[in-house]
Amino acid sequence: AYFSTRAWRVLRVVICVRPNDELRVRCRRFPSIVSCTTQNYFHHWDQHSLEAVAAQQLSRHTTDGISLTTDNCDQEVFSAISRLLATCHIETLSIASSLTTNNGLLQQITCKTFITFIDVYKSFLANQFSKLDTEMGHLEGALSQLDKMGQETITLRKRIDSSRGDEAIKRSSVDDLIKKLEQEHDAVAAENRKAVTESGRATELMTHLDEKRTELEADQEGLEPLFTAAQTTLDCLDKDSLSELKSFKMPPNDVQI
């Protein structure tokens, strides 16, 4: 008896029903439902309440560690997301009511549905953040590759500049060598011209010598008879003839000694 009395005192029964025509009929049939119970009417959340609930649910961490707060999201974007979720829920309620009125299809759209909708949106955000993290990893890898390529480009540019300096030095050396070769070529050309001139002079001198030799040979041929005649004449002279010639008071010039 004590247990029954105690249980009767503390026992509370909560009945959740929709305030529709069926509930009205039941209240008329069973008046104790109204007279012996405490009735609490829960109306649909308004726009401001839905936005507040959406903001609270979005700021909670999920199993993936995803949450939206004003610290990691702009205030205007955060408010816009909360307002969008609340508007979607209100539009869903309006469509469900229209379906019930026009087609007789009863759609259970409750606060739990709104919370589930927010959880689905958070799952969508988790997937998007996961894709974004992957793309960020790819982007960071690409940026690191670009940085590496930039360093290699700088090194290659330094090598090219150094090669250009060496090339300039070699080109200067080649230019100096070409100038030196041109000078030597000019000197050789001058020596060739001088040699040609000397060769012409030597040719003229040889021609002149040949002419002189010819003249001398001709003179020699003319003098040979005279030399022969003189030698013959000298052979006829003796010591007495020479003494006779010397005894002349005025000997000829040809025999004067």
- Item | Full working for side chain to side chain contact (heavy atoms under 4.5 Å, CB included) between Leu58 and Tyr121 | CA-CA 9 Å; Leu58 289 174; Tyr121 181 75; 4.0 Å; yes
- Task: Take Lys131 and Glu135 through the salt bridge (Lys or Arg N to Asp or Glu O under 4.0 Å) test and state the conclusion after the steps.
- Result: CA-CA 6 Å; Lys131 293 181 181 179; Glu135 293 178 357; over 6 Å; no
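Taking NZ of Lys112 as the reference point, atom CZ of Phe117 lies at 15.0 Å (rounded to 0.5 Å). Here the NE2-CD1 distance, from His89 to Ile118, works out to 9.0 Å after rounding to the nearest 0.5 Å. How far NE2 of His48 is from OG of Ser82: 11.0 Å, rounded to the nearest 0.5 Å. Atoms CG and OG, on Asn102 and Ser97 in that order, are 8.5 Å from each other to the nearest 0.5 Å. The line from CG of Asp133 to CD of Glu140 is 9.5 Å long, rounded to the nearest 0.5 Å. Note that CD1 of Ile160 is 13.0 Å distant from NZ of Lys158, once rounded to the nearest 0.5 Å.
Identified under the salt bridge (charged side-chain N to carboxylate O under 4.0 Å, His left out) test for residues 190-204, with sequence neighbours left out: Glu198-Arg201. Under the side-chain hydrogen bond (donor to acceptor under 3.5 Å, both in side chains) criterion, the residue pairs touching residues 159-174 are Glu167-Arg171, with sequence neighbours excluded. Applying the salt bridge (charged side-chain N to carboxylate O under 4.0 Å, His left out) test to every pair with at least one member in residues 174-188, sequence neighbours left out, gives no pairs at all.
Hydrophobic clustering, defined by side-chain heavy atoms of Ile, Leu, Val, Met, Phe, Trp and Tyr closer than 4.5 Å, leaves Leu84 isolated from every other such residue. Applying the under-4.5 Å side-chain rule to Ile, Leu, Val, Met, Phe, Trp and Tyr, the cluster around Phe30 extends to Ile33.
One hydrophobic cluster, built from ILVMFWY side chains closer than 4.5 Å, holds both Val13 and Leu23. When hydrophobic clusters are built by joining Ile, Leu, Val, Met, Phe, Trp and Tyr residues whose side-chain heavy atoms come closer than 4.5 Å, directly or via intermediates, Leu143 is grouped together with Met136.
Residues that satisfy the side chain to side chain contact (heavy atoms under 4.5 Å, CB included) test with Ser79, not counting sequence neighbours, are Gln75, Arg83.
A donor-acceptor pair shorter than 3.5 Å cannot be found between the side chains of Thr116 and Asp119.
For Ala54 against Phe114, the heavy-atom pair with the smallest separation is CB-CZ, 4.0 Å. Of all non-hydrogen atoms in Ser32 and Ser35, the two that sit nearest each other are CA-OG, 3.3 Å. Shortest non-hydrogen contact noted between Arg26 and Glu22 is NH2-OE2, 2.8 Å.
Counting heavy atoms from C-beta on, the side chains of Leu50 and Leu85 never come closer than 4.5 Å. Residues Val25 and Arg29 are in side-chain contact: their nearest non-hydrogen atoms beyond the backbone lie under 4.5 Å apart. Under the 4.5 Å side-chain criterion, counting only non-hydrogen atoms from C-beta, Leu181 is in contact with Leu177.
Under the 3.5 Å distance criterion, the side-chain polar atoms of Ser94 are left unmatched by any main-chain donor or acceptor of Glu91. No donor-acceptor pair under 3.5 Å is formed between the side chain of Ser199 and the backbone N or O of Ala195. In this structure, the side chain of Thr155 engages the main chain of Gln151 through a donor-acceptor pair within 3.5 Å.
In this structure, Glu76 places its CD atom where only 12 or fewer heavy-atom neighbours from other residues, nucleotides or ligands lie under 6.0 Å away.
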